[in-house]
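Inspection log for the structure reproduced underneath, given as structure tokens.
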Amino acid sequence: MPQPIAIIDCNNFYASCEQALDPAIAGRPVVVLSNNDGVIIALSNEAKALGIEKFTPVFKVKHLLTQHDVKICSANFRLYAYKSQQIMNLLGKFSPEVEAYSIDEAFVNLSGFSRFNLTDYAKEIREDIINKTGIPTTIGIAPTKTLAKIANRIGKKQFGYSVGVLDIYSDGNTEKYLKMTDIGDVWGVGRRYKKMLNGFNIHTAYDFAQAPDHWIRKRMSVVGLRTAWELRGMPCIDMKYEQPAKKMIMFSRSFGKKLKNKEDLVEAVALFTARAAERMRSQGSAAKYISVYLSTSRYAEKKYYEKCEMRLPVPTDATCEILSHTLKAVNECFEEGILYYKAGVLLSGLQPANNTQTSFLDTVDRYKMSRVTEAVDRINMKSGTDTVIYAAMGTKNEWKQNQNHKSQNFIDSDKLTIDIKRSVGFL
DNA sequence: TCTGGGGTCCTAGGACCC
DNA sequence: TCTGGGGTCCTAGGACCC
């Protein structure tokens, strides 16, 4: 007998965080912008009601925003991470088995609680969260994660259901919910697969669950097959109670304005390198591959994209060593006369730093280097990010992003656990 | 003028080794 | 006509997620 799995999903999370922080905008339309204030990444219900959609570039709806006096917020990920952690901690009081799935979602195993009325229990959870954090949530309950996602979606859309909670675990009428779910709204089915499935006359989650296993396996691999089984009520996707170490770490940003000087790009890439390396060290990994790219805007008339990849003889976690490679890469990728808009640093082939294969040909004094790196990390942890910086990061910051509408930065980063810092990546 | 930033998993094919 | 077989590592590409 499968166990009841709940998914707790925060409604309009980033926008709700801004509203929770500033009572003056509760009940008002609010939009949250991406890094660099380019597109809308979250909307309050009031903003959705104006017909604005997620991922719309700001300039396209400027008139609506002005006309309806919409509150505009630059993304404030520190705030969102802090709220997220509060919520995860609260969930821990309701079940010992919580999987923090993303910044605004958690799966919770309710198997110990099936003797209770699950809907009532979920309502208690919701109330506790909104009372203590100000964030509204929706809870879906089902025998599998994929079905719980469906319950959550339907619960969110239909207020006829017990407000904010839909339990299809106890309800026993899964078929009805599968029939009312479009195949493209199923967790694990994206745009491509939706199109392909529609071509075979599969339009709902129910249709998909009826398809033969070998057919699904052939066209959608084991991943698709797992989804089908989950829809049939057979759990195939395990709960993950511990965050596994990341296998690659990317730090990329678009710039606040276009850059044409190599020195400015060097500063940006140096900072991206430092950030990526910090994140990597926070999970105790070292990188075997380093890759750097420079590019123009996707919308530029004259497009340019150049990537430089390197394989290291010995994996490293030291910022200064990684820097020497990424800066060389900038030199190789750079071309005169291009208006650069974006750059990124990718560290991959990650492995445990304390267990790296060394080489006889290695000429680097690794002990000395790790002492330096540790000291820099320690100071920055204690006294704030960038108290000590590497010279290449510079101080001009020509690339700095626009953040013209940022809410108060009141949160002490010491209050956040390493895990949360890592998940939003601002260590 | 202004257009997101991260990640994961799976598969297939080639190189290389014994 | 026959053309080893199995294992691992690596890469690239395609799909997905929030």
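Letters A, B, ... mirror the listed sequences (proteins, then strands); counts begin at 1.
- Contacts of A:V186 with the nucleic acid, taken as non-hydrogen atoms under 4.0 Å apart, involve only primed sugar atoms and P, OP1 or OP2.
- Distance A:I41 CD1 to B:dG5 C1': 9 Å, rounded to the nearest Å.
- At whole-Å resolution of the value, NZ in A:K247 and C1' in C:dC16 are 15 Å apart.
- Of all nucleotides listed (C:dC17, B:dC2, B:dC10), C:dC17 comes nearest to the side chain of A:W187.
- You'll find that the side chain of A:Y299 is closest to B:dG4, out of B:dG7, B:dC9, B:dG4.
- Across all strands shown, A:K195 has no heavy atoms under 4.0 Å from either base or sugar-phosphate atoms.
- With a 4.5 Å cut-off on side-chain heavy atoms, A:D9 and A:D104 count as touching.
- Using a 4.0 Å heavy-atom criterion, one finds that A:F55 contacts the bases of the nucleic acid, with or without backbone contacts as well.
- Side chain of A:S254, nearest nucleotide from C:dC10, B:dT11, B:dG4: B:dG4.
- The interatomic distance linking A:K194 (NZ) with C:dA15 (C1') rounds to 17 Å, in whole Å.
- What separates CZ of A:R192 from P of C:dC17 is a distance of 13 Å, to the nearest Å.
- Here C:dC18 sits opposite B:dG5 as a Watson-Crick or G-U wobble pair (both hydrogen-bonding atom distances under 3.5 Å).
- The shortest distance between side-chain heavy atoms of A:V70 and A:L64 does not fall below 4.5 Å.
- Contact between the side-chain N/O atoms of A:K257 and the OP1/OP2 oxygens of B:dT1 is not found at any separation under 4.0 Å.
- Across the P atoms, C:dC2 and B:dC16 are found 29 Å apart, a figure rounded to whole Å.
- Of all nucleotides listed (B:dG7, C:dC18, B:dG4), B:dG7 comes nearest to the side chain of A:M250.
- Comparing B:dT8, B:dC10, C:dC10 against the side chain of A:V223 picks out B:dC10 as the nearest.
- Listed pair A:S221 / C:dA15 fails the phosphate criterion, with no side-chain N or O lying under 4.0 Å from OP1 or OP2.
- Residue A:D104 has its side chain nearest to C:dC18 when only B:dG5, B:dG7, C:dC18 are considered.
- The ring of A:Y340 has its center no closer than 6.0 angstrom to the ring center of A:W399.
- Residue A:K60 is out of contact with every strand shown, counting any heavy-atom pair closer than 4.0 Å.
- Contact between the side-chain N/O atoms of A:R279 and the OP1/OP2 oxygens of B:dG7 is found at a separation under 4.0 Å.
- Where A:R226 and A:R298 meet DNA chain B, the nucleotide closest to each residue was compared, and A:R298 sits on the side nearer the 5' end.
- For A:R126 and A:E124, the salt-bridge test fails: no basic side-chain N is under 4.0 Å from an acidic carboxylate O.
- As judged by a 4.0 angstrom heavy-atom cut-off over every strand, A:K149 is placed among residues touching the sugar-phosphate backbone only.
- At the heavy-atom level, A:K342 lies under 4.0 Å from the strands shown only through sugar-phosphate atoms.
- Contact annotation for A:Y289: backbone-only contact, meaning every heavy-atom pair under 4.0 Å involves sugar-phosphate atoms and none involves a base.
- Looking at heavy-atom distances under 4.0 Å, A:R219 makes no contact with the nucleic acid at all.
- When each of A:I130, A:N45, A:I129, A:N12 is paired with A:P136, the side chain to side chain contact (heavy atoms under 4.5 Å, CB included) condition holds for A:I130 and for no other.
- A:K218 comes within 4.0 angstrom of nothing in the nucleic acid, heavy atoms only.
- Regarding A:K240, its NZ atom lies at a distance of 13 Å from the P atom of C:dC18, rounded to whole Å.
- One can place CZ of A:F77 at 12 Å from P of B:dG7, the figure rounded to the nearest angstrom.
- Note on A:T56: nothing from the nucleic acid sits closer than 4.0 angstrom, heavy atoms only.
- Residues A:I40 and A:I52 form a side-chain contact, since some pair of their non-hydrogen atoms from C-beta on lies under 4.5 Å apart.
- Here B:dC2 presents its C1' atom at 16 Å from CZ of A:F255, a figure rounded to the nearest Å.
- Comparing C:dC18, B:dG5, C:dC10 by their closest approach to the side chain of A:Y101 singles out C:dC18.
- Here the rule is ring pair (Phe, Tyr, Trp, His ring centres under 6.0 Å) with A:W187, and of A:F107, A:Y193, A:F208 only A:F107 fits it.
- Remark: the A:Q19 side chain and the A:Y14 side chain contain no N/O donor-acceptor pair separated by less than 3.5 Å.
- The CD1-C1' distance, from A:I8 to C:dC18, rounds to 17 Å in whole Å.
- Across B:dG5, B:dC9, C:dC16, the shortest atom-to-atom separation from the side chain of A:N35 is found for B:dG5.
- When the C1' atom is used for both B:dT1 and C:dC17, the distance is 33 Å, rounded to whole Å.
- Here A:D37 lies out of heavy-atom contact (under 4.0 Å) with every strand.
- Within the structure, every side-chain polar atom (N or O) of A:K62 is placed at least 4.0 Å from both OP1 and OP2 of B:dT1.
- A:I249 comes within 4.0 angstrom of the backbone, heavy atoms only, and of no base.
- Phosphate contact (OP1/OP2 of B:dC2, side-chain N/O of A:K258, threshold under 4.0 Å): present.
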